[in-house]
Amino acid sequence: MKTQIVIAQLAIILGACAPLVTPLPAEIFIPTGVSPTATIVYPTPSPISTLPPPPIFTPDAIQVERWQEYQTELIKAVLSGYDPALYKYSLCEWDILGRSGQEVYVWAYCATLGGGSENLPAVIHLEVDGSIQNVEVPMRGSTWDSNIQRMFPVDVREKIELYYSPTYPYEGRPEELRVHLHYRRAHPEEPPLVVLSAMPPVTPAP
């Protein structure tokens, strides 16, 4: 009986002294015949594609001069579902997709200070002097497609589709608009990208 107890105690001691073996994670596969100490080369993830920007228009002199008016009216239309008290704390970025007579077609990204945001195409109806008469946006829901067809010519509708492409939400031009808008929160003197696109490049001092 004493012999059996001694053997059991020795087994426990030896087991405690044995080196621990950490099992390989299940997702790591080592091919047959390859030493576990060999360097394993994992596949490199595919790089994020660089998307070309949608074909957009550079604003004319009047649009550049009145950009704050454009922003104010776009905020009211694009963020119409939000509390109007938030409008004065909101910002907009937009691309000009086309123009026909007194109508300017844009894609707008607007956001409130609290983080709420909307992305919508819009039609800016102008007065003869270049001031804004009103801004029209398509209503979401069952009439969306019919409103898009009624409000925008074919070439503009094709550009709108680029902003809804599944590859665009976190890259490409929509992402540039979003990033620049957030930059402007800390730099209120900075105009939107659409205005910067019409300004001559700054030549560094020698």
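- Every side chain to side chain contact (heavy atoms under 4.5 Å, CB included) that S146 has, sequence neighbours left out, goes to T143.
- Formation of a donor-acceptor pair under 3.5 Å by the Y87 side chain with backbone atoms of L79 is found in this model.
- Within the hydrophobic cluster formed by Ile, Leu, Val, Met, Phe, Trp and Tyr side chains joined at under 4.5 Å, directly or through other members, L113 is accompanied by Y89.
- Q71 is not listed as a side-chain neighbour of E93, based on a closest heavy-atom distance of 4.5 Å or more.
- The side chain to side chain contact (heavy atoms under 4.5 Å, CB included) test applied to V154 returns R157, E158, not counting sequence neighbours.
- Smallest separation of non-hydrogen atoms from E73 and V135: CB-CG2, 3.7 Å.
- Looking at every heavy atom in both residues, V104 comes nearest to Q63 through CG2-NE2, 3.7 Å.
- Distance alone, capped at 3.5 Å, places no donor-acceptor pair between the K159 side chain and the I56 backbone.
- Counting only residues at least two apart or in different chains, disulfide bond (SG atoms under 2.5 Å apart) contacts with residues 54-83 are absent.
- Remark: T72 pairs with K76 by the side chain to side chain contact (heavy atoms under 4.5 Å, CB included) rule, at least two apart or across chains.
- Partners of F152 under the ring pair (Phe, Tyr, Trp, His ring centres under 6.0 Å) rule, at least two apart in sequence or in another chain, are Y105.
- Among residues two or more places apart in sequence or in another chain, the salt bridge (Lys or Arg N to Asp or Glu O under 4.0 Å) test is passed with E65 by none.
- Under the 3.5 Å distance criterion, the side-chain polar atoms of H187 are matched with a main-chain donor or acceptor of Y183.
- Considering all non-hydrogen atoms of both residues, R184 and P192 come closest at NH1-CB, 3.7 Å.
- Sorted by first and then second residue, the disulfide bond (SG atoms under 2.5 Å apart) pairs involving residues 103-143 (not counting sequence neighbours) are C92-C110.
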*Stepwise side chain to side chain contact (heavy atoms under 4.5 Å, CB included) test for L97 and V106*: CA-CA 5 Å; L97 307 183; V106 305; 5.6 Å; no
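- For residues 106-144, the pairs satisfying ring-ring contact (aromatic ring centres under 6.0 Å, His included) are W107-Y163, W107-Y164, with sequence neighbours left out.
- Within the structure, salt bridge (charged side-chain N to carboxylate O under 4.0 Å, His left out) contacts touching residues 101-120 (residues at least two apart or in different chains) are E118-R140.
- Shown here are the side chain to side chain contact (heavy atoms under 4.5 Å, CB included) partners of E127, two or more places apart in sequence or in another chain: D129, S131, Q133.
- In this structure D60 satisfies the salt bridge (Lys or Arg N to Asp or Glu O under 4.0 Å) test together with R99, sequence neighbours excluded.
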